[in-house]
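Worksheet: the structure to be examined is printed underneath.
Numbering of ligands and ligand atoms starts at 1, following listing order. The chain is numbered in sequence order, starting from 1.
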Amino acid sequence: MKNILTEQEVQQLRAETRGTTKTIHFNNAGSSLPPDVVVDTVINYLHEEAQNGGYETEYTYRDELENTYSFIAQLINAHKDEIAVVENASTGWWLAFNGIDFKPGDEIITCEMEYVTNLIGLLHAQKTYGVVFKVIPNDDRGNFQPQALEDAITNRTKLIAATHIPSTAGYMMPVVEIGKIARRHNILYLLDACQSAGHVPLDVQEIGCDMLAVTGRKYLRAPRGTGFLYVRKAVQDKLKLFFMDGFTTQWVTETDFKPRSDARRFEVYEKSRALTLGLGKAVEYALDIGIERAWQRVQYLANLLREKLKEVTGITVHDFGDQLCGIVTFSVEKRDGTAVKNKLAEKHINVSVGKAASTLIYMNKNHLNNIVRASVHYYNTEQEIELLCVALREIV
Ligand SMILES: Cc1ncc(COP(=O)(O)O)c(C=O)c1O
């Protein structure tokens, strides 16, 4: 393992995160502990708005607000004109997905690990537009087979929709392989990168996706209520718009208008500038650490946690497949996931419960319900993992 964060750096990053002093936080796939600088950025901005006025503060911070787009673009190797700042991943995904001009009989191909919002979106499109969608199951070893995707493509396939890292499993989809197939067949490719941004390196050129939806509060450590949508330049004009205002569209004449020439056409004018700035600060913070380095540490900690959990009698780790990530899922014999979570919370250890509904097809197929999800971030430590395992032994 190369270029991993040093112990000293980890301690420094923890010192910059006030939450780490009181809480052992293994719910980074729910919402990470934000760095202090992100929290302070938002609060200070709100104070300035109260002091000087909203529009006036926005003018003062115009460059910093603009930088949010540049940092996001840098994070995913896009152009800032391809970024829309939205409230969360679901909003981004729906704007992209429902922007597509579906016709009856069009086909969508997705994977078994697709997130609830997206699956509901697909079902909705089936009922509304008469599209057909196909789910490519993972193989017995838990791996997505790109060949099965390629075999499922017909001349009616309009979209490939995939979730990079699912909500309730530690597996990662081979998104670059999927992108190569999408490009080869000239099919739109929408990627849910909600769990992967800030977690693993993301490069939209390498992945070859046309649209990518992300939330801020998870591995990016941004405030809640933030997210972004990437839409490749060449695809922007192909998507329908749902909201229009004087910011997203411009007058051509008194009787005609046209959308902005960038991805901000998918936004609306009024939004929290404080949160936009907080999102930008979180992305800048992640870039400063280096996503590749963060990813190395996340993998190290997640593998360590899985190994330690396997040593605890009565615990079953559920993650499988060749490429695993920072999400670790398990069950405790004869204990409901929520009961385990609540017991751990008494010791100030945060985990979450992965419900079947979140990743319905995968969970049903593997007969899983209410699993415990412990998601590690680079700021977690070996000692915290040890304490989690001690607490779990007591519960068992
Ligand atoms: C894989 C995945 N996609 C999408 C979402 C939705 O994100 P948001 O709540 O920001 O809309 C989640 C949330 O947990 C998720 O895990």
Side-chain angles (χ1 to χ4, degrees), residues 25-32 34 72 76 84-98 110-124 135 138 144 161-173 175 178 189-200 202 207 209 211-230 266-267 271-272 275-276 278-279 282-283 298 318-319 321 323-329 337 341 350-363 368 370-377:
H25 194 68
F26 287 121
N27 191 13
N28 296 292
S31 186
S32 278
I72 293 171
I76 62 169
V85 170
V86 294
E87 292 87 344
N88 49 57
S90 299
T91 302
W93 194 94
W94 270 74
L95 285 169
F97 177 76
N98 288 293
T110 190
C111 55
E112 70 172 44
M113 290 191 152
E114 198 66 351
Y115 184 65
V116 49
T117 304
N118 317 353
L119 277 181
I120 289 174
L122 299 183
L123 276 170
H124 180 254
V135 179
N138 289 355
F144 182 85
T163 293
H164 192 179
I165 294 180
S167 177
T168 56
Y171 178 64
M172 279 173 66
M173 293 282 287
V175 289
I178 295 173
Y189 178 17
L190 167 57
L191 186 63
D192 176 335
C194 182
Q195 292 289 0
S196 50
H199 186 160
V200 300
L202 281 179
I207 295 171
C209 58
M211 301 152 286
L212 176 120
V214 168
T215 212
R217 72 183 181 282
K218 298 181 188 289
Y219 278 82
L220 279 175
R221 308 182 66 198
R224 293 198 68 173
T226 61
F228 66 86
L229 169 67
Y230 156 81
F266 301 106
E267 300 184 3
K271 60 161 67 73
S272 166
L275 291 180
T276 300
L279 172 64
V283 176
V298 166
H318 297 300
D319 309 314
Q323 178 63 67
L324 301 182
C325 64
I327 295 180
V328 178
T329 62
K341 172 183 163 239
N350 294 344
V351 296
S352 63
V353 175
K355 300 224 169 76
S358 302
T359 323
L360 195 66
I361 299 174
Y362 159 79
M363 294 289 274
L368 295 172
N370 261 1
I371 52 168
V372 185
R373 182 181 70 176
S375 41
V376 301
H377 213 322

What distance do [X] atom [atom1] and [Y] atom [atom2] have between them, rounded to the nearest 0.5 Å?
| X | Y | atom1 | atom2 | answer |
| --- | --- | --- | --- | --- |
| N27 | I327 | CG | CD1 | 10.0 Å |
| N138 | Y362 | CG | OH | 9.0 Å |
| L119 | H124 | CG | NE2 | 14.5 Å |
| C194 | H164 | SG | NE2 | 12.5 Å |

- Query: Measuring from each atom of ligand 1, which residues have a heavy atom under 4.0 Å away?
  - Reply: N88, A89, S90, Y115, T163, I165, S167, D192, C194, Q195, T215, R217, K218

- Message: Holding to salt bridge (charged side-chain N to carboxylate O under 4.0 Å, His left out), I want the full list of residues that pass it with E114, two or more places apart in sequence or in another chain.
- Response: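 E114: no salt bridge (charged side-chain N to carboxylate O under 4.0 Å, His left out) contacts found.
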
- Message: Using only atom types and a distance under 3.5 Å, with no angle test, would you say the side chain of T110 pairs donor to acceptor with the backbone of A161?
- Response: yes

